[in-house]
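Report on the structure given below.
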Amino acid sequence: MTVDAPTGIVEVSVEVSGGTDLPDMPWEDRPPGESRPLWRYSGNPVIPRDLLAGSNSVFNSAVVPFGGGYAGVFRCDDRTRTMQLHRGFSDDGLTWVIDADPIELDPPDAELARVVYRYDPRIAFIGDRFYLTWCNWYHGPTIGVAWTRDFEHFQQLENAFLPFNRNGVLFPKRVGDRFAMLSRPSDAGHTPFGDVFYSESPDLTFWGRHRHVLGTIANSWQSTKVGAGPVPLETTAGWLLVYHGVLTSCNGFVYSLGTALLDRERPWIVVARSAEYLLSPQEQYECVGDVPNVVFPTSMLCDSTSRRLAIYYGAADTTTALAFGYVDELVRFTIEHSITP
Ligand code: BMA
């Protein structure tokens, strides 16, 4: 990263872990007159609530490049309002075929075989396989972990943490020689608090070296709680973290999207953090739904050549929407609009 002193313009160059080349990723150019670093897909919501015949809602989902197209693990709440994970595939990241049946995991033992709910998946490609993390019931919400190579067989591992915890998000490569995860310790309910913490593991089973990363900021869009969104993206300016921040209005929680840069070697150190949100619930499909006023980012595609980004986010806990931007602009915005962490 270089800073041009006279203009204050920050030049960044991006290094995408795994060197993903996605020339045909979902994309729409910035609309005329739009100056902010993220803009919404004109076809939003990209996945309607009833894409599955039996679904109440499809949202807060994880999408990754897979086999020349895309694969995803989707949060599909059914009409009993049970929260489940379903696999899906797409050629273009826009039109999806989602399995009618929930994913069956291969649990490590009978103790972890009971499924009460599974929701808010994230997927990180590390080494030679995809690692799925999600909010898993085990006497309350905690972080489930599984891996797959083909999106057919999913080998479940131990839950990462004790209950209660949510928003477990793996880094896409080891930090030092350990796996690394962000999470947000919580309560058993709707949690009127929440900071992002960092943890490390040599084997994805035993987690420790817990460090505080992001707290809330009073009198702002992120004053009640914050939680990691998509898997962080490695750039020369640091790990680009897209996250959700929540404020409590007189009418309940409002979920918005912001960005932070974390130190590459010590990701619990915040290098920069945007004072302003980059996306907040303003469109009808974000303001009206099963839970109004929610934009909840959970996955991000990045083309290493064009540095285009496509961010999938849940809208009003009902549908799945897309926003676009450029990595360099998000990094620059985060630095230029940074508050003291
Ligand atoms: C959080 C999670 C998310 C949801 C959000 C807004 O606590 O339950 O799945 O999108 O609340 O309801």
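Order of appearance sets the numbers: ligands from 1, and atoms from 1 within every ligand.
If you check which protein heavy atom lies closest to atom 8 (O) of ligand 1, you get Tyr119 CE1, 3.9 Å. The nearest heavy-atom contact from the protein to atom 12 (O) of ligand 1 is Asp317 OD2, 2.7 Å.
In this comparison of Phe59, Tyr255, Phe296, the heavy atom closest to atom 7 (O) of ligand 1 sits on Tyr255.
For His244 and Tyr255, the gap between ring centers is short of 6.0 Å. Aromatic pair Phe296/Phe59: ring centres not closer than 6.0 Å.
Relative to the six-membered ring of Phe179, Arg174 meets both conditions, a distance below 6.0 Å and an angle of at most 45° to the axis.
Considering backbone and side-chain N/O atoms, Asn60 comes within less than 3.5 Å of an N/O atom of ligand 1. For ligand 1, the polar-atom distance check finds an N/O of Arg75 within less than 3.5 Å of one of the ligand's N/O atoms.
Results of the side chain to side chain donor-acceptor pair (under 3.5 Å) test with Arg122 over Asn167, Asn60, Thr298 single out Asn167 as the only residue that passes.
Distance check, rounded to the nearest 0.5 Å: CH2 of Trp239 to CZ of Arg264 gives 8.0 Å.
For ligand 1 and Asp120, the ligand atoms under 4.0 Å from any heavy atom of the residue are 2 (C), 3 (C), 9 (O). Close approach of ligand 1 to Val291 is summarised as follows: ligand atoms under 4.0 Å from at least one heavy atom of the residue are 12 (O).
A donor-acceptor contact under 3.5 angstrom links the side chains of Asp195 and His212, judged on distance only.
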